[in-house]
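Values reported hereafter were calculated over all heavy atoms of this structure, with side chains retained and with hydrogens, waters and symmetry mates removed. Remember, it's 1-based here, ligands and their atoms both numbered in the order they're listed.
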Amino acid sequence: MSRGASSLVGIRDAVTARRASAEHLTAATLARATGLNDALNAFVEIHEEEAIRQARAADARAALGGKGTGASGRLAGVPLALKDNICVAWGRTTCASRMLEDYRSPYHATVVQRLLDAGAVIVGKTNLDQFGMGSSTEHSVFGPTRNPWDPTRTPGGSSGGSAAAVAARIVPAALGSDTGGSIRQPASHCGVVGLKPTYGRVSRYGLVAYASSLDQIGPLATNVRDCAEILSVIAGHDANDATSLRAPVEDFAAGIDAPIEGLTLGVPRQARSESNHPAVTGALAHAEEVFRAHGARVIEVDLPHAAHAIAAYYVIATAEASSNLARFDGVRYGRRAALGSGEGLGALYERSRAEGLGEEVKRRIMLGTFVLSSGYYDAYYLTAQRARRLIRNDYDRAFEQGCRALLMPASPGPAFTLGEKLADPMTMYLEDVYTVGVNLAGLPALTVPAGFAEIPAASGRGASRLPVGIQLIGPALSEGTLLRIGRQFERATAWHEQVPSLIAE
Ligand code: GLN
């Protein structure tokens, strides 16, 4: 098997200059995706025919010098993967649930249309925790995705399939969605770059909704520059998403190499928790040093309400989920249970949902219904909304102190083993302690690889070397700055160039 994908920019430039054939590259990508799927289970569906058709179109455009084709060519011939909660009009969109096992969307998500218009080739759909609910990609009807750095461990989640596909260099980049950390935490656990854009920056039209006030689509890639290329294509106002922002979209790749000298970064006191894994503590300290050495000022800041983020998030996210997932009733979408004679509509709803929705999804729907129910609404939902405001104010205050970005771990530890947190939902939820605040506040955040945890061999298990990431959090619409800071960091450290050993095999 080949060593896998080169960078997005490298592929695009080679296809555009006709030094490489998109069709050839796509065929190699499809072979690699298929060849590694037994080991990783990163893909739930591989779109051979569609991908080859798109690749041929990219080659044809390149042959015409890109003229008169209406395509920007910014992603010419670049093979990409999509988390399987993003709709395409060919193939299925399952959300890794039984409910949508055979669901075919009649339309493309806006992001998909924009990728196609830029010349991208979509090779398949990646695994996720059912409807995006989870932190390990274990809550999938297709079985768990495995971490390319150590297949006995999870890739994180819920965009674990996208993170694993990029880490294994099957594709140079993929899209994920991030409601409470689902791009940034798997990026951290898989040693890749992941960006959660500002709420409203990227259209959610065609993203199957989990929690609509928190959901955002974003890219995962092997390096910061490639993330910037994707964001430049998918960002921007969309009339089909009422929450999408009208803010102008810059070329995020253009200013990315500018120095960061004189810039102030804040490290929240709360980021230095004693429960962090030593490798995470070490990575954060090392990152601070790197930034100082590049002329940035690093100050300590306080996010006094950070301790309430998990509680507020799991009330708000579940409340919104209980409402969003009410549409899966056996009538309009997906699975419809077979009824016995004399059974009515109530039985249809009940049975379809009982059969179609997974355990974690049901847990969340029940929790969300409870916190919204009269008598409990004020105590839970309203209180969580108040906490959300305070959490947002904390970030604003830190930015008012002059910080251009905050430096935080993306996750308290490296990737955990399969099954380790499945029995106890609370420990799974605590994976998100550093990520959910960003969604509650609607801010952009970028995870970059920042070091490794060396895990010694234990009884019955070999040693492993696992990546850890840090995240940079900025004010609304500061993606350009975050990408610039992240780019300087990766140039200085080159953590992102290390690859899992399966790649060389
Ligand atoms: N792990 C979080 C949850 O389960 C976040 C998921 C996400 O961002 N989609 O809700």
Side-chain angles (χ1 to χ4, degrees), residues 82-86 95-97 126-140 144-145 154-163 174-190 194-197 199 202 204 207-220 309-325 357-368 371 384 388 410-413 415-416 420-422 424-447 471 473:
L82 300 175
K83 186 176 182 177
D84 200 22
N85 59 354
I86 299 174
C95 292
S97 74
T126 57
N127 203 4
L128 66 153
D129 288 293
Q130 209 167 124
F131 291 100
M133 299 176 187
S135 309
S136 67
T137 319
E138 292 169 292
H139 296 301
S140 161
T145 295
T154 86
S158 61
S159 313
S162 288
L175 293 189
S177 66
D178 191 314
T179 305
S182 280
I183 290 174
R184 291 161 290 149
Q185 182 256 21
S188 177
H189 287 351
C190 289
L195 174 70
K196 182 246 170 234
Y199 184 75
V202 175
R204 292 181 294 111
L207 169 70
V208 179
Y210 161 13
S212 306
S213 78
L214 303 162
D215 297 339
Q216 231 346 242
I217 295 174
L220 296 103
I310 287 279
Y313 171 82
Y314 277 94
V315 168
I316 292 169
T318 57
E320 294 186 17
S322 73
S323 162
N324 273 327
L325 272 68
L357 301 173
E359 233 180 68
E360 182 60 27
V361 176
K362 287 177 187 158
R363 181 180 294 124
R364 301 210 183 185
I365 290 174
M366 285 191 278
L367 189 59
V371 300
R388 181 177 194 171
S411 168
F416 48 95
E420 189 179 324
K421 303 194 183 199
L422 265 186
D424 181 0
M426 230 11 243
T427 60
M428 190 74 93
Y429 298 171
L430 288 172
E431 264 294 295
D432 307 327
V433 41
Y434 292 126
T435 48
V436 294
V438 164
N439 302 74
L440 290 169
L443 304 175
L446 177 73
T447 293
Q471 57 173 336
I473 304 166

### Task
Assess the side chains of Ser177 and Asp215: does a donor N or O sit below 3.5 Å from an acceptor N or O?
no
When you check ligand 1 against the protein, what N or O pairs turn up below 3.5 Å? List the atom names and distances, or just say none.
from     : atom 1 : to     : atom 2 : distance (Å)
ligand 1 : 1 (N)  : Gly134 : O      : 3.0
ligand 1 : 1 (N)  : Ser135 : OG     : 2.8
ligand 1 : 1 (N)  : Asp432 : OD1    : 3.3
ligand 1 : 1 (N)  : Asp432 : OD2    : 2.9
ligand 1 : 4 (O)  : Gly134 : N      : 2.9
ligand 1 : 4 (O)  : Tyr314 : OH     : 3.4
ligand 1 : 4 (O)  : Arg364 : NH1    : 3.0
ligand 1 : 4 (O)  : Arg364 : NH2    : 2.8
ligand 1 : 8 (O)  : Thr179 : N      : 2.7
ligand 1 : 8 (O)  : Gly180 : N      : 2.6
ligand 1 : 8 (O)  : Gly181 : N      : 3.3
ligand 1 : 8 (O)  : Ser182 : N      : 3.0
ligand 1 : 8 (O)  : Ser182 : OG     : 2.6
ligand 1 : 9 (N)  : Gly132 : O      : 2.8
ligand 1 : 9 (N)  : Ser158 : OG     : 3.4
ligand 1 : 9 (N)  : Thr179 : OG1    : 3.4
ligand 1 : 9 (N)  : Ser182 : OG     : 2.7
ligand 1 : 10 (O) : Tyr210 : OH     : 2.6
ligand 1 : 10 (O) : Tyr313 : OH     : 2.7
ligand 1 : 10 (O) : Arg364 : NH1    : 2.8

### Task
Sort out for me which residue in Asp178, Asp432, Thr447, Thr435 forms a side chain to side chain donor-acceptor pair (under 3.5 Å) with Arg184.
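When side chain to side chain donor-acceptor pair (under 3.5 Å) is applied between Arg184 and each of Asp178, Asp432, Thr447, Thr435, only Asp178 qualifies.
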### Query
Do Tyr210 and Phe131 have their ring centres less than 6.0 Å from each other?
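Between Phe131 and Tyr210, which both carry aromatic rings, the centre distance is not below 6.0 Å.
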### Task
Could you tell me how the ring of His189 sits relative to the ring of Phe416: parallel (under 30°), tilted (30 to 60°) or perpendicular (over 60°)?
perpendicular
### Query
Any side-chain heavy-atom pair from Gln130 and Glu360 closer than 4.5 angstrom?
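No. Closest side-chain heavy atoms not under 4.5 Å.
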### Task
Step by step, work out the side chain to side chain donor-acceptor pair (under 3.5 Å) result for Ser188 and Ser411.
CA-CA 7 Å; Ser188 177; Ser411 168; 5.5 Å; no
